[in-house]
Protein chains: 2
Amino acid sequence: MLDLLEVASEPTRRRLIQLLGSGERTVTELAANFAVSRSAISQHLLLLIDVGLLQARKDGRSRYYSLDPAGITKLKALLDSFWNTELDLLVAEAAELASFNGPPHQPPGEKP
Amino acid sequence: MLDLLEVASEPTRRRLIQLLGSGERTVTELAANFAVSRSAISQHLLLLIDVGLLQARKDGRSRYYSLDPAGITKLKALLDSFWNTELDLLVAEAAELASFNGPPHQPPGEKP
DNA sequence: ACAACGCGTTAGTGACTGCTAACGTATTTT
DNA sequence: AAAATACGTTAGCAGTCACTAACGCGTTGT
């Protein structure tokens with residue numbers, strides 16, 4: 001898969017990116033947060049490197065993975081170009097409609 | 001595929017969502033914007049309906065597809081929860097670094 | 001030094017994806 | 001009214017994905 005946004009969107013990889021937001025981690029450390037094997041996580045990480053979202057640093061027998069700022073910047077740009085004004089308008093309209101028709105889940109008023 | 005964000009991220013579907021931002025369209029109208037067949041587009045649209053991002057209205061022998069505001073709102077929420085503060089910080093740092101080291105593509109100064 | 005272990009990566013596979021080809025159905029056209 | 005046409009959906013398939021199992025290679029313990 002080549003598309004940056006699509007690669008970043010897969011649920012496991014999304015979570016990996018978020019976890020790496022707070023600093024570099026090894027495969028094993030990351031895998032501890034998931035139900036799947038180290039191997040699966042390793043492959044996700046390699047793919048994320050392929051598309052330029054991650055970097056790796058070797059230290060002893062561990063490899064420390066971290067976010068690549070350039071890749072993250074690129075991802076942000078893609079997201080911004082996708083989410084255009086028309087979509088924002090639609091969200092605003094949906095919010096208004098919800099307050100008219102009665103909210104489906106969260107009442108609009110403050111808690112008493 | 002069940003994950004809303006992942007479904008929305010596929011390049012063809014991303015473009016479909018953007019095209020539908022300006023109003024409802026038929027399968028044929030939408031397919032005119034792509035290299036692939038009507039059939040392929042139809043299947044993407046059905047998937048987008050499955051995850052709640054689209055609605056369809058039948059009229060004559062055409063089906064008019066349009067964005068479902070509720071789904072789009074949900075998508076926005078997912079995106080916002082994914083893109084946390086740490087990632088924004090990283091992007092800011094990357095921008096600073098680029099201006100120190102010499103910009104790779106776009107010079108930071110205004111055009112003379 | 002050699003055995004045992006820990007870490008990360010490749011091999012192999014079932015399931016799924018996105019596509020074209022074939023189809024069903026409704027609407028025109030003659 | 002029958003034939004042709006336009007629109008959208010299903011059938012079938014090659015390629016890809018995400019995963020577990022098996023592996024290679026450093027490192028650590030004895």
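Lettering of chains follows the sequences in order, A, B, ..., and the numbering in each one begins at 1.
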Below 4.0 angstrom from OP1 or OP2 of [N], is there any side-chain N or O of [X]?
X	N	answer
B:Tyr64	D:dG8	no
B:Ser42	D:dT9	yes
A:His44	D:dC19	yes
B:Arg38	C:dT20	no

## Note on the structure
Of B:Ser62 and A:Ala35, the one whose nearest nucleotide on DNA chain D sits closer to the 5' end is B:Ser62

Under the 3.5 angstrom rule, does the side chain of [X] hit a backbone N or O of [Y] as a donor-acceptor pair?
X	Y	result
A:Asp3	A:Glu6	yes
A:Arg38	A:Glu29	no
B:Gln18	A:Phe82	yes
A:Arg13	A:Leu47	no

Please report the distance, rounded to the nearest Å, between [atom1] in [X] and [atom2] in [N].
X	N	atom1	atom2	answer
B:Leu30	D:dG8	CG	C1'	12 Å
B:Arg57	D:dG8	CZ	C1'	15 Å
A:Leu2	C:dT17	CG	P	19 Å
A:Glu10	D:dC19	CD	C1'	11 Å
A:Asp50	D:dC17	CG	C1'	14 Å
A:Asp3	C:dT17	CG	P	17 Å
B:Ile41	D:dG8	CD1	P	12 Å
B:Phe34	C:dT20	CZ	C1'	17 Å

Counting side-chain heavy atoms from CB outward, which of [options] is closest to [X]?
X	options	answer
B:Thr12	C:dC19, D:dG8, C:dG8	C:dC19
B:Gln43	D:dT9, D:dT10, C:dT9	D:dT10
B:Ser39	D:dT10, C:dG18, D:dC17	D:dT10

### Query
Is a side-chain donor-acceptor pair under 3.5 Å present for A:Ser22 with A:Arg25?
yes

### Query
Is the closest side-chain heavy-atom distance between B:Thr26 and B:Tyr65 below 4.5 Å?
no

### Query
Going by heavy atoms in the side chains, are A:Ile17 and B:Leu87 under 4.5 Å from each other?
yes

### Task
Could you encode protein contacts along nucleotides 24-30 of chain D as a string, one character per nucleotide from 5' to 3', using B for base contact, S for sugar-phosphate-only contact and - for no contact, with a heavy-atom cut-off of under 4.0 Å?
--BSS--

### Message
Considering every strand and a 4.0 Å limit on heavy-atom distances, what is the contact class for A:Thr28: base, sugar-phosphate, or nothing?
### Response
sugar-phosphate

### Query
Does B:Arg61 have any side-chain contact (heavy atoms from CB on, under 4.5 Å) partners at least two apart in sequence or in another chain, and if so, which?
none

### Query
How do A:Glu6 and A:Ala40 order along DNA chain C: which one's closest nucleotide is nearer the 5' end?
A:Ala40

